[in-house]
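What you are looking at is a predicted structure, and each value in this text was computed from that prediction instead of being measured. For this chain, numbers begin at 1 and follow the sequence in order.
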Amino acid sequence: MNAAIAILAFHHVYQPIGNSIALSAIVAGIPLYILFIMLAVLRLPAWLSALVAMLSAAVLAAAVWGMPLGLDASATTEGMANGLWPISWIVLNAVFFHNLTIASGDFDVIRRSLTRLTEDRRVQALLVAFCFGALMEGIAGFGAPVAISAAILASLGFEPISAAVLALLANTAPVAFGSIGIPVVTLGLLTAPIIGHSAADQTPVTLALSAMVGRQLPVFSIIIPAFLIVVLAGWKRMVEVLPAVLTAGVVFAVVQFLVSNFIGPELTDVLAALFSMAAVALLLRVWKPRSLWGFAADRAAVPAGASPRLRSVGAAVAQVVDPPGRVVRAYMMYVILVVVILIGQMGNLPFFSGSPAGNVKNALHTPANITADFKCGQPAFKLCPKPWIGPLPTKDAGAFKFPFWRFQWPGSYTGTSAKPKPQIFQEPPIVKASTAYPVTFTWDFLAAAGSLVLFASIIAFIVMAIRGSPLSLFFTTYGRTLRQLALPILTIAFILGIAAVMNFSGMTSTLALLMARTGAVFPFFSAVIGALGVFLTGSDTASNTLFGPMQAFTAKQIVIGGHHLSPVLTAGTNSSGGVMGKMISPQNLSVGAAGVNRVGAEGDIFRRTIGYSLILTAAVGFVALIEVYLIPGIIPTVG
């Protein structure tokens, strides 16, 4: 990787068509129109829709935005690689973990225990999609919550497409604080220099952004559980379980607000989900729905003239009463998952990460800090600068390293891989001055969420093997999971290819700049821009990376009531609005479809979620406008 490569430099142009931002934005949206029409109107397979849209984006990047062909190909292939790692790696191992619990019989035990807790499908949806899904979001994030919760719902007997829709809809309010708060932490790092702090002193900015998002999303944390049940069973049936709906939503919202405002973003989802789940479980000890609600298939056959009744989930197997010890062993599989991921993420927790995060003076050091161990060799990572294998990043940036390898993607730089010089540059007004925009790829072999889930699967299988499961079960289940996810993995790679070429060519920024010209109503469009970013990338973290600095910079150009618009508000709204775009992101549609074993049904899921996404994104925009014009005191300031 040390050969010199000659590449033409490329500086972003945001108005390539007639120097008009409106016309340029209309053309920039062509790949998205193609994706939408092929998926939702023509109902073509998701992989084919994504492939055609990706090729159209690559053609537009070269022909209209002037991106050199070498850089065009480099950006596209780097995006596809990101689709494989870390995204598909997470999905693969999350679904594998769930398949293991099914193969071992543990999931049947969990299913029966959930049935004995409540046979009401509405409350099951609350517990699995909202509470447990939020816990998975807080711990692992990315595709894991949708993949696991959708698979659980389908295994409980929910219609597969409905299970995917419910999982996607529930995976909204918790997303901004997912993966131990990574979206907000990343946003703080990137916007700190714009807001007035150095990147090395990002903590005040991160805490202000955490508080800002924590003063927007709790409203939706109360709404989403009710919305979930209305989608599943209708308004009247939702009202019948209003105590459970309010308990799940209000408890989650209160804890979400308190932790995000007074502690920080890292533990917000984990604590809110645990409290919410426990509150609903306690409620069910003293309250039951007046009438059980279920699907037509849940009704047991009864003699003529007798009253129909709901049968237990899972029919005959649900009639089995498992010994308490067996129930505990079954749930231990998920306890192992949670514990392993928390150990792997321990270095990101506020107790161990130092202040500011990564401060070698007060952070937990290696080898006790497992997160730092797994990130040895990450550039500028002071807790463990030297990789286990390979040279220091400062000596040779491109040489292979383990366990953390970050390098500039081939074809995107000049010079050598040891000392690469990026050849793509962002330009004002997206940034203050012309800034290198390197096409980098990160291979975090051990620290990736997918790897942590795989480690949990291995430990869980060791427990299963002690109980008598054959070793072959592990490998046959993994092979079956690979076959199950082959097309979704391909789709995700194409989707990330679209996102990368649109981002690195400047097309995405063109779309954002059109919305940024809305002036006084820009706070509303901050939410729309965030949702657009998540739609394109499938990740709130990626959307914050892409648009967070632009949101903060644009706010400082807009004057409302004699004062500049708060960059904390607009950057925070980018994250809050972004979560509402996740349910329609093609890569997450593929994750949901794969989780319920309905590959090819992404278009059906998209048609059922697009309306909800637009409504909720607009609602976040209106909340931001209310905060700016009616209750400006709610907007945090950075000390």
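Between L473 and F461 there is a side-chain heavy-atom pair separated by less than 4.5 Å. No side-chain heavy atom of D269 sits less than 4.5 Å from a side-chain heavy atom of L135. T435 places none of its side-chain heavy atoms less than 4.5 Å from the side chain of Y437. Within the 4.5 Å cutoff, no side-chain heavy atoms of V463 are placed close to those of M332. Here the side chains of K582 and E137 are in contact, with some heavy-atom distance below 4.5 Å. Within the 4.5 Å cutoff, side-chain heavy atoms of F402 are placed close to those of L446. For the pair F177/P183, no side-chain contact is recorded, criterion being any heavy-atom separation below 4.5 Å from C-beta on. In this structure, the side chains of Q408 and P422 come closer than 4.5 Å at one or more pairs of heavy atoms.
Atom CH2 of W85 has more than 12 neighbouring heavy atoms from other residues, nucleotides or ligands inside a 6.0 Å radius.
The distance between the ring centers of F404 and F445 does not fall below 6.0 angstrom. Remark: aromatic rings of F96 and F474 are close, center separation under 6.0 Å. Ring centers of F252 and F275: at least 6.0 Å apart, outside the cut-off. When ring centroids are compared, W405 and F400 come within the 6.0 Å threshold.
Listed by chain and residue number, nothing satisfies the side chain to side chain donor-acceptor pair (under 3.5 Å) test with T101 (two or more places apart in sequence, or in another chain). The ring pair (Phe, Tyr, Trp, His ring centres under 6.0 Å) test applied to F262 returns no partner, not counting sequence neighbours. In terms of the side chain to side chain donor-acceptor pair (under 3.5 Å) criterion, residue partners of Q256 (sequence neighbours excluded) are, by chain and number, S221. F455 pairs by the ring pair (Phe, Tyr, Trp, His ring centres under 6.0 Å) definition with nothing, not counting sequence neighbours. With sequence neighbours excluded, the residues forming a side chain to side chain donor-acceptor pair (under 3.5 Å) with T442 are R406, listed by chain and number. Residues that satisfy the ring pair (Phe, Tyr, Trp, His ring centres under 6.0 Å) test with W47, not counting sequence neighbours, are absent from this structure. Take T609 and apply the side chain to side chain donor-acceptor pair (under 3.5 Å) test, not counting sequence neighbours, and it matches no residue. Legend: residues meeting disulfide bond (SG atoms under 2.5 Å apart) with C131, ordered by chain and number and at least two apart, are absent. Partners of F374 under the ring pair (Phe, Tyr, Trp, His ring centres under 6.0 Å) rule, at least two apart in sequence or in another chain, do not exist in this structure.
Formation of a donor-acceptor pair under 3.5 Å by the N588 side chain with backbone atoms of V591 is not found in this model. Not one N or O on the side chain of S74 forms a donor-acceptor pair closer than 3.5 Å with the backbone of G70. Using a distance-only test at 3.5 Å, with no hydrogens or angles considered, a donor-acceptor pair links the side chain of S210 to the main chain of S260. Remark: the backbone N or O of P145 is paired with a side-chain donor or acceptor of S149 at under 3.5 angstrom. Panel note: side chain S576, backbone G572; a donor-acceptor pair is recorded below 3.5 Å.
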Legend entry - side chain to side chain donor-acceptor pair (under 3.5 Å) between Q423 and T414, worked out: CA-CA 7 Å; Q423 292 301 292; T414 56; 3.3 Å; yes
Inset, instruction - Take T476 and Y478, measure what side-chain contact (heavy atoms from CB on, under 4.5 Å) needs, and give me the verdict at the end. - result: CA-CA 5 Å; T476 56; Y478 206 93; over 6 Å; no
Inset, instruction - Would you sort out whether S575 and D540 count as a side chain to side chain donor-acceptor pair (under 3.5 Å), showing the intermediate values? - result: CA-CA 6 Å; S575 193; D540 200 46; 2.6 Å; yes
Inset, instruction - List the steps and the verdict of side-chain contact (heavy atoms from CB on, under 4.5 Å) for K419 and K395. - result: CA-CA 8 Å; K419 299 290 182 181; K395 291 186 176 180; over 6 Å; no
Inset, instruction - For side chain to side chain donor-acceptor pair (under 3.5 Å), just list the numbers for W409 and T77, CA-CA rounded to whole Å, side-chain angles, deciding distance to a tenth of an Å, and then say yes or no. - result: CA-CA 9 Å; W409 194 253; T77 53; 2.9 Å; yes
Inset, instruction - For L35 and F535, run side-chain contact (heavy atoms from CB on, under 4.5 Å): C-alpha distance rounded to whole Å, both residues' side-chain angles, the deciding distance at 0.1 Å, then the answer. - result: CA-CA 11 Å; L35 192 63; F535 171 77; 4.3 Å; yes
Legend entry - Verdict with reasoning, M346 to N369, per side-chain contact (heavy atoms from CB on, under 4.5 Å): CA-CA 7 Å; M346 64 185 297; N369 187 335; 4.1 Å; yes
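Once rounded to the nearest 0.5 Å, the distance linking CG of D373 with NZ of K375 reads 12.0 Å. With rounding to the nearest 0.5 angstrom, the CE atom of M212 is 14.5 Å from the CG atom of L207. Distance check: T172 OG1 to I224 CD1 gives 3.5 Å after rounding to the nearest 0.5 Å.
In plain terms, the two heavy atoms of V596 and A150 that are nearest each other are CG1-O, 3.5 Å. When all heavy atoms of G530 and Q551 are compared, the closest pair comes out as N-NE2, 4.2 Å. The two residues K401 and P387 have their closest heavy-atom pair at CB-CB, 4.1 Å. When every heavy atom of V146 is checked against every heavy atom of G592, the shortest pair comes out as CG1-CA, 3.7 Å. Nearest heavy-atom pair, N93 versus W89, reported as atom, atom and distance to 0.1 Å: ND2-O, 2.9 Å. Minimum interatomic distance between S590 and T491 (heavy atoms only, all atoms of both residues): OG-CG2, 3.1 Å.
Looking at I498, V501, L71 one by one, the single match for side-chain contact (heavy atoms from CB on, under 4.5 Å) with T76 turns out to be V501.
Here salt bridge (Lys or Arg N to Asp or Glu O under 4.0 Å) pairs that include residues 439-464, with residues two or more places apart or in two chains, number zero. Sorted by first and then second residue, the salt bridge (Lys or Arg N to Asp or Glu O under 4.0 Å) pairs involving residues 72-81 (not counting sequence neighbours) form an empty list. For the disulfide (SG to SG under 2.5 Å) condition, the pairs that include at least one residue of residues 380-417, sequence neighbours left out, are C376-C384.
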